[in-house]
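Data first, discussion second: the structure below is written as structure tokens.
Keep in mind the model is a prediction, meaning the values are calculated, not measured. So that the names make sense, note that chain A is the first sequence line, chain B the second, and so on, each numbered from 1.
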There are 2 protein chains.
Amino acid sequence: MKITYKGDYALKAVLDLALNYGSIVTIHELASRIQVPFKFLEQVLLDLKKGGFVESKRGKIGGYFLAKSPAEITIGEVIRFIDGPIEPIACVEKGYSGCTDLYKCVFRKIWVDVGRATSEIVDNITFEKLVNEVQASTEAVVYQI
Amino acid sequence: MKITYKGDYALKAVLDLALNYGSIVTIHELASRIQVPFKFLEQVLLDLKKGGFVESKRGKIGGYFLAKSPAEITIGEVIRFIDGPIEPIACVEKGYSGCTDLYKCVFRKIWVDVGRATSEIVDNITFEKLVNEVQASTEAVVYQI
DNA sequence: ATATACTCTACTATGTTAATAGAGATTATA
DNA sequence: TATAATCTCTATTAACATAGTAGAGTATAT
């Protein structure tokens with residue numbers, strides 16, 4: 001798994017929408033809050049829409065909002081959709097001719113293991129969990145003042 | 001972690017040298033056995049040499065051989081040296097300005113976890129282990145005949 | 001000497017990533 | 001209905017990484 005900027009931005013965008021679940025958020029607000037180039041974020045959001053993670057409303061008072069509750073979205077789903085398969089090497093998902101050689105691709109099963117271990121983590125973290133974490137940390141800051 | 005062809009070839013090369021531990025192997029033999037472009041493999045082997053994984057002997061009857069015993073080399077060491085850090089995103093090792101924002105980079109600790117889980121696997125697999133696996137599988141085939 | 005084999009540097013083609021640009025479509029509201 | 005705000009879609013580009021190729025140079029056994 002390699003997380004690109006696009007994937008990173010997508011996760012931050014979904015997190016922001018999760019933090020604002022119930023209201024509608026413009027790309028502009030989002031872009032300034034999560035510090036991402038506006039035009040790039042536009043594309044990321046269109047992708048997230050195609051993936052069924054977010055919905056949008058056009059026109060004045062338009063914007064984006066989550067298509068499901070934060071509890072129903074995991075970071076694994078998002079990162080897979082935006083950045084592709086979790087596995088560290090293509091041979092784990094595809095045919096990969098290299099596996100026909102003498103060594104019978106002894107490495108393949110290792111990459112499968114790595115993929116599983118990674119999935120174990122990212123598929124069990126929902127945005128609800130992350131929202132709670134963020135809120136707990138910001139509350140903690142408030143109490144310190 | 002993303003494993004490139006170079007990393008894949010490096011692992012196969014080390015495995016081949018491990019299977020032939022004790023003897024010296026030419027790039028040519030290696031290239032034909034592990035099915036890798038000769039000139040590309042040359043470079044990979046030079047890198048592996050810089051990394052201290054292999055040694056070489058020039059001239060006639062020259063070739064490559066492991067610098068340490070297969071038991072002393074893990075696939076984690078090799079892959080890190082050839083393909084860079086295990087972590088799925090740069091922010092885990094570097095500064096990464098994105099972490100200064102409101103959300104305090106809630107994702108960062110997840111990537112650290114993923115990196116740890118991956119390391120757990122790849123740092124505990126030595127080439128001795130792989131050699132045993134390969135030999136067991138080829139023996140099994142022999143018995144079947 | 002010479003053949004064999006490693007060493008080193010440079011080059012190139014291809015693809016991906018990150019970002020920018022701009023015209024178009026939709027909708028609330030004055 | 002005009003208009004401003006907002007999402008939608010396609011194209012383009014600069015920079016970088018990857019995968020592979022090329023060729024001249026150096027070392028060594030015989």
Taking only N/O atoms, report every protein-nucleotides 25-27 of chain D pair under 3.5 Å with atom names and distance.
{"unit_1": "D/dA27", "atom_1": "O4'", "unit_2": "B/Arg58", "atom_2": "NH1", "d": "3.0"}

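- By the 30° and 60° cut-offs, the orientation of the rings of B/Phe81 relative to B/Phe53 is perpendicular.
- One can place CD of B/Gln43 at 15 Å from P of C/dT12, the figure rounded to the nearest angstrom.
- For B/Ile3 and D/dT18, the CD1 to C1' distance is 15 Å, given to the nearest whole Å.
- For A/Arg80 and A/Asp123, the salt-bridge test passes: some basic side-chain N is under 4.0 Å from an acidic carboxylate O.
- No more than 12 heavy atoms of other residues, nucleotides or ligands shown are found within 6.0 angstrom of CD on B/Glu120.
- Put simply, B/Lys39 has no side-chain N or O that comes within less than 4.0 Å of OP1 or OP2 on D/dA19.
- Although no hydrogens or angles enter the test, the distance criterion places a donor-acceptor pair under 3.5 Å between the side chain of A/Glu77 and the main chain of A/Thr74.
- Put simply, A/Tyr64 has a side-chain N or O that comes within less than 4.0 Å of OP1 or OP2 on D/dT8.
- Look at A/Ser56 and you won't find any side-chain N or O under 4.0 angstrom from OP1 or OP2 of D/dT6.
- Put simply, CZ on B/Phe40 is 19 Å from P on C/dC11, counting in whole angstrom units.
- Using a 4.0 Å cut-off, no side-chain N or O of B/Lys6 falls inside it from OP1 or OP2 of D/dG20.
- The separation between A/Ile24 atom CD1 and D/dA5 atom P is 16 Å, rounded to whole Å.
- Spacing between atom CD of B/Gln35 and atom P of D/dA19 amounts to 17 Å, rounded to whole angstrom units.
- For C/dA18, the OP1/OP2 oxygens have no side-chain nitrogen or oxygen of A/Tyr9 closer than 4.0 Å.
- Within 4.0 Å of B/Lys49, counting heavy atoms only, lie sugar-phosphate atoms of the nucleic acid but no base atom.
- Residue contacts for A/Lys2: at a heavy-atom cut-off of 4.0 Å it reaches no nucleic acid atom on any strand shown.
- Taking atom CD on A/Glu42 and atom C1' on D/dA5, their separation rounds to 13 Å, with Å as the unit.
- Protein atom CG of B/Asp47 is 14 Å distant from nucleotide atom C1' of C/dC6, rounded to whole Å.
- The side chain of B/Thr4 approaches D/dT18 more closely than any other nucleotide in the set C/dT17, C/dT20, D/dT18.
- Residues A/Asp83 and A/Ile61 both approach DNA chain C. Their nearest nucleotides, taken by heavy-atom distance, put A/Asp83 toward the 5′ side.
- A donor-acceptor distance shorter than 3.5 angstrom exists from the side chain of A/Asp83 to the backbone of A/Thr4, with no hydrogens or angles considered.
- The CG-C1' distance, from B/Leu41 to D/dT21, rounds to 14 Å in whole Å.
- The side chain of B/Thr26 places no N or O atom within less than 4.0 Å of a non-bridging phosphate oxygen (OP1 or OP2) of C/dC6.
- No engagement by A/Leu45 is indicated, since no non-hydrogen atom pair under 4.0 Å with the nucleic acid exists.
- A/Asp8 and A/Lys12 are joined by a salt bridge, as a carboxylate oxygen and a charged side-chain nitrogen come within less than 4.0 angstrom of each other.
- With respect to the salt-bridge test (charged N to carboxylate O, under 4.0 angstrom), the residues A/Lys109 and B/Glu133 qualify.
- Between B/Tyr9 and B/Phe40, the ring planes are perpendicular. Angles over 60° get that label, and only those under 30° would be called parallel.
- In this model, the phosphate group of C/dA28 is approached by a side-chain N or O of A/Lys57 to a distance below 4.0 Å at OP1 or OP2.
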